[in-house]
Amino acid sequence: MDLNFSGHVTRVVAVEEASQVGQARREALALAHHIGFDEIDAGRVALAATEMATNVIKHGRGGRMHLSVACGRDGLGVELWALDSGPGFSLAQAMPDGYSTGGTQGLGMGAIQRQATVLDVWADAKGAVMVARVYASRAARDVDVPYGALRLALHDEPVCGDAWHLHADAKQVTLTLIDGLGHGLPASDAAQAGVAAAAQRGTAGPVEVIAALHAGMSGTRGGAAAVASVEVDSGHLSFAGVGNIAATLCEPTSNRGMASLPGIVGVQYRKVQPFNFHTAAGTLLVMHSDGLQARWNLRDYPGLQHRHPALVVAVLQRDFDRGRDDASIVALRLGDLH
């Protein structure tokens, strides 16, 4: 696996009435064409988006869809989230054609599954969250990368002051998250300068990457940044952060927070201190900006920690987004990156 990917801004489409299903379909189709899908694969994305948005209206009492670009081992894909406030459903029950909770023909979930490489659902008292990833039909069967991510601009602005970057090869995976000070274009400029520097540093250690970010973000308003680097074979993780990026290792019986030091990358900080951890296979690394409240605990969601990381990110955003700033979250499953 050889990845060098900077996350795209997540597009949000309200789905509160039937006329907005078409908007979700058009947005998904445009995104598929943007990443180079041919007409057949773009049609698969459009079909999945239409069925997901229709489910939100018919069964979920309205909600919204999030659309973004997913990074696979063998190329890019389209990621679709559907979030609603309905009663939820069992994914296993809903898959066979003919099953319906609302008097329809019951073909929608099966249609989504046939188009998507990844499909996962979470349902609780707050509603249902569905995540689907559609890769090109020519992609390898194991194309998916076990991560989830969100890069959400405040009030649907066209630019986002948060950014993240993932670099991976056969030996090491490096994840970088940046929160440019404030929001809007100046914050976005700072964050984009940072991810450009991260992309050039590859799988260097966290201290070296933050030094590169500091140089690259010089002249901008700067921001908070954190870097986690994981050795694929040993599970050894090294972490360093400056500013208020939250980072947590979620394990079956406990959560381990990872500390960042004060300062502003690109402007001034006193030092960078690396912290080292051993991680077991299956551990979930979660990093996020302060656009997300830090009081979440995956143990409050029995079973969620073991689901697809994109579903974890979607649920955390639903329940803990402050709504007052740009928000970015990245979750990475360790031990499944070979």
Side-chain angles (χ1 to χ4, degrees), residues 7-17 20 23-24 27 31 52-53 56-57 60-69 79-86 88 122-131 148-164 177-192 194 221-226 241 243-248 250 255 257 260 264 286-298 300-301 304 309-331:
H8 294 224
V9 176
T10 304
R11 177 82 173 102
V12 181
V13 180
V15 186
E16 302 288 349
E17 57 184 38
Q20 293 171 318
Q23 180 64 22
E27 293 277 358
L31 187 57
M52 291 171 73
V56 168
I57 294 294
R61 304 169 186 164
R64 64 189 187 277
M65 288 192 63
H66 291 184
L67 301 88
S68 189
V69 175
E79 182 169 271
L80 307 169
W81 298 1
L83 303 95
D84 64 48
S85 55
W122 179 262
D124 56 23
K126 296 182 180 179
V129 180
M130 182 187 300
V131 170
L150 174 86
R151 186 174 169 224
L152 197 61
L154 178 65
H155 303 321
D156 266 350
E157 292 183 3
V159 296
C160 180
D162 290 358
W164 62 272
L177 194 146
I178 301 167
D179 180 357
L181 288 183
H183 59 89
L185 191 57
S188 176
D189 288 344
Q192 291 305 304
R221 63 170 51 179
N244 55 351
I245 299 293
T248 304
C250 300
N255 292 336
S260 293
I264 303 174
V286 181
M287 295 169 59
H288 63 81
S289 69
D290 64 354
L292 194 76
Q293 301 172 43
R295 57 182 178 85
W296 56 268
N297 190 327
L298 290 186
D300 295 332
Y301 301 85
L304 180 61
L311 189 66
V312 175
V313 168
V315 173
L316 291 180
Q317 187 277 328
R318 181 196 69 173
D319 292 352
F320 296 99
D321 194 324
R322 295 182 187 276
R324 302 193 303 267
D325 198 356
D326 300 319
S328 57
I329 319 168
V330 184

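Basis for what follows: all heavy atoms, side chains included, without hydrogens, waters or symmetry-related copies.
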Is the backbone of [Y] close enough, under 3.5 Å, to the side chain of [X] for a donor and an acceptor to pair up by distance?
{"X": "Gln20", "Y": "Glu16", "result": "yes"}
{"X": "Ser328", "Y": "Ala163", "result": "no"}
{"X": "Asp84", "Y": "Ala128", "result": "yes"}
{"X": "Asp326", "Y": "Leu154", "result": "yes"}
{"X": "Arg64", "Y": "Leu83", "result": "no"}
{"X": "Arg151", "Y": "Trp164", "result": "no"}

So how far is it from [X] [atom1] to [Y] [atom2], rounded to the nearest 0.5 Å?
{"X": "Cys160", "Y": "Asp325", "atom1": "SG", "atom2": "CG", "result": "8.5 Å"}
{"X": "Ile178", "Y": "Gln192", "atom1": "CD1", "atom2": "CD", "result": "8.5 Å"}
{"X": "Thr10", "Y": "Glu79", "atom1": "OG1", "atom2": "CD", "result": "8.0 Å"}
{"X": "Leu316", "Y": "Leu292", "atom1": "CG", "atom2": "CG", "result": "6.0 Å"}

Pair Asn255-Asn297, side-chain hydrogen bond (donor to acceptor under 3.5 Å, both in side chains): steps then yes or no: CA-CA 8 Å; Asn255 292 336; Asn297 190 327; 3.3 Å; yes

Which atom pair, heavy atoms only, marks the closest approach of [X] to [Y]?
{"X": "Gly243", "Y": "Ala224", "value": "CA-CB, 3.8 Å"}
{"X": "Met287", "Y": "Ala247", "value": "CG-CB, 3.9 Å"}
{"X": "Met52", "Y": "Trp81", "value": "CE-C, 4.1 Å"}
{"X": "Val315", "Y": "Tyr301", "value": "CG1-CE2, 3.7 Å"}
{"X": "Val159", "Y": "Ala153", "value": "O-CB, 3.2 Å"}
{"X": "Leu80", "Y": "Met65", "value": "CB-CE, 4.2 Å"}

Residue pair Val12 / His66, side-chain heavy-atom distance below 4.5 Å: yes

Side chains of Ile57 and Val15 in contact at under 4.5 Å (non-hydrogen atoms): yes

The single option from Val313, Leu152, Val312 passing side-chain contact (heavy atoms from CB on, under 4.5 Å) against Ile329: Val313

